[in-house]
Asker: 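My structure is below; once you've seen it, I'll send some questions.
Read the numbers this way: they start at 1 and go in the same order the structure lists the ligands and their atoms. Remember, predicted model here, so these are calculated numbers, not experimental data.
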Amino acid sequence: MKNILIIGSTGQIGSELAMKLRSIYGGSNVVAGYIPGAEPKGELAESGPAEVVDITNAQQIADVVKKYNVDTIYNLAALLSAVAENKPMLAWHIGINGLLNTLEVARENKCAVFTPSSIGSFGPNAPKDGTPQDTIQQPRTMYGVTKVSGELLSNYYALKFGVDTRSVRFPGLISYVTPPGGGTTDYAVDIYYSAVKGEKFVCPIKAGTFMDMMYMPDALRAAIEIMEADPTKLQHRNSFNIASMSFDPEIIYESIQKYIPDFEMVYEVDALRQGIADSWPNRLDDTCARMEWGWKPEYDLDSMTRDMIEKLSKRFKG
Ligand code: AKB
């Protein structure tokens, strides 16, 4: 049985991952770490312990790890790509100084650590289609810089100190539960909200811009399966390419139109997000994850669209 701390438990991934981990390992064995102002609510608040854990405060992390005998830390604290471009110092402080705090506490207390990386860790010099597991990583965004540095730092702690660090490179994550904030791939979530509410969608990303995307249930499973994987089979650690679908705005629009035929979309391109998207891969090659720990996505675009529309319709139309 694991004792888990989630840092950033009330964010887009954390809020769903916490509930999933609690359903597997038991409510009392998963501590929801949060920062003041982002307190857990509802089911998340009621189903297990919660503690203030600011990733930039090493002592706070250490105190909670000791109090709950934590052996596994999910580090989900980060600024997403577009926000990080506007607040680069803060993005570095949370993404790298925060990670260093987490890794040091993990080293001292023998914890395993999961820290997600991203498709944003690649840059314009990496092959765009079928981006390999091991290739050039020269991102031109602060988000990407923190993600590559985080991968290297996590590998360093594994090699030098034996800390069990593992990670996946998440694509854009799509969910009907907690909306994302400040990502380049957020349009692929917002489009479903507009469609279900009967609103015209104003797309900030140009037609023809392909990016990897994934439905949240697959992403949660990836985060759990990599931490459960047999370490003797892992040739990589930080971080594995994972993939399930790649599309551009026209393709997701058509997928929604199959279920909501009068749905309309227009384009008003956001220069910051478009620039970031243009520097990212179109589609990652996830062969290593499939071979080393059996990664396999369950959702494709159509099954995701059906589920998103059904769940959001229930919420908005009652
Ligand atoms: C973002 O768009 O910033 C994130 C990501 C792909 O890492 N969703």
Side-chain angles (χ1 to χ4, degrees), residues 8 11-17 74-88 90-92 94-96 98-99 114-124 126 128 131 137 139-151 154 167-193 203-206 209-220 222-223 226 238-249 252 269-284 286 289 297 304 308:
Q12 189 207 8
I13 306 173
S15 55
E16 289 187 61
L17 184 63
Y74 277 85
N75 162 23
L76 302 176
L79 297 188
L80 289 184
S81 53
V83 179
E85 274 319 274
N86 289 320
K87 298 179 182 169
L90 185 61
W92 179 269
I94 293 172
I96 297 303
L99 172 59
F114 174 85
T115 306
S117 184
S118 160
I119 53 173
S121 68
F122 298 101
K128 273 212 161 304
T131 310
Q137 287 178 282
R140 297 201 182 149
T141 59
M142 180 49 98
Y143 182 67
V145 169
T146 63
K147 289 302 179 191
V148 181
S149 308
E151 290 186 9
S154 299
S167 169
V168 296
R169 294 180 181 132
F170 277 137
L173 300 182
I174 296 164
S175 156
Y176 58 88
V177 182
T178 308
T184 303
T185 56
D186 292 6
Y187 90 89
V189 180
D190 300 339
I191 192 170
Y192 287 107
Y193 280 77
C203 185
I205 298 291
K206 263 191 224 157
T209 309
F210 280 77
M211 286 183 276
D212 275 301
M213 303 280 179
M214 186 175 287
Y215 200 31
M216 189 61 92
D218 275 336
L220 300 181
I226 180 69
N238 305 280
S239 179
F240 280 95
N241 282 2
I242 55 168
S244 68
M245 59 186 100
S246 166
F247 53 74
D248 83 326
I252 186 172
V269 172
D270 175 281
L272 172 65
R273 284 181 167 77
Q274 185 64 45
I276 296 174
D278 286 341
S279 75
W280 286 0
N282 295 341
R283 188 179 49 81
L284 301 191
D286 62 359
M304 175 177 79
M308 281 293 284

Asker: Using only atom types and a distance under 3.5 Å, with no angle test, would you say the side chain of S154 pairs donor to acceptor with the backbone of G150?
Answerer: yes
Asker: For the NZ atom on K128, are there more than 12 heavy atoms of other groups (residues, nucleotides or ligands in this structure) within a distance under 6.0 Å?
Answerer: yes
Asker: Mind jotting down which protein residues get a heavy-atom contact under 4.0 Å with ligand 1? Chain and number order, please.
Answerer: L80, S81, S118, I119, Y143, P171, G172, G183, T184, T185, W280
Asker: Can you check whether M211's main-chain N or O pairs, donor with acceptor, with D248's side chain at less than 3.5 Å?
Answerer: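 Answer holds: no.
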Asker: Under 3.5 Å, is there a donor-acceptor pair between the side chain of R273 and the main chain of P204?
Answerer: no
Asker: Of all the heavy-atom pairs spanning R140 and P124, show the shortest one and how long it is.
Answerer: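 So the two residues come closest at CZ-CG, 3.6 Å.
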Asker: Does A223 offer a backbone N or O that forms a donor-acceptor pair with the side chain of Y74 under 3.5 Å?
Answerer: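 The answer is yes, because a donor-acceptor pair under 3.5 Å joins these two groups.
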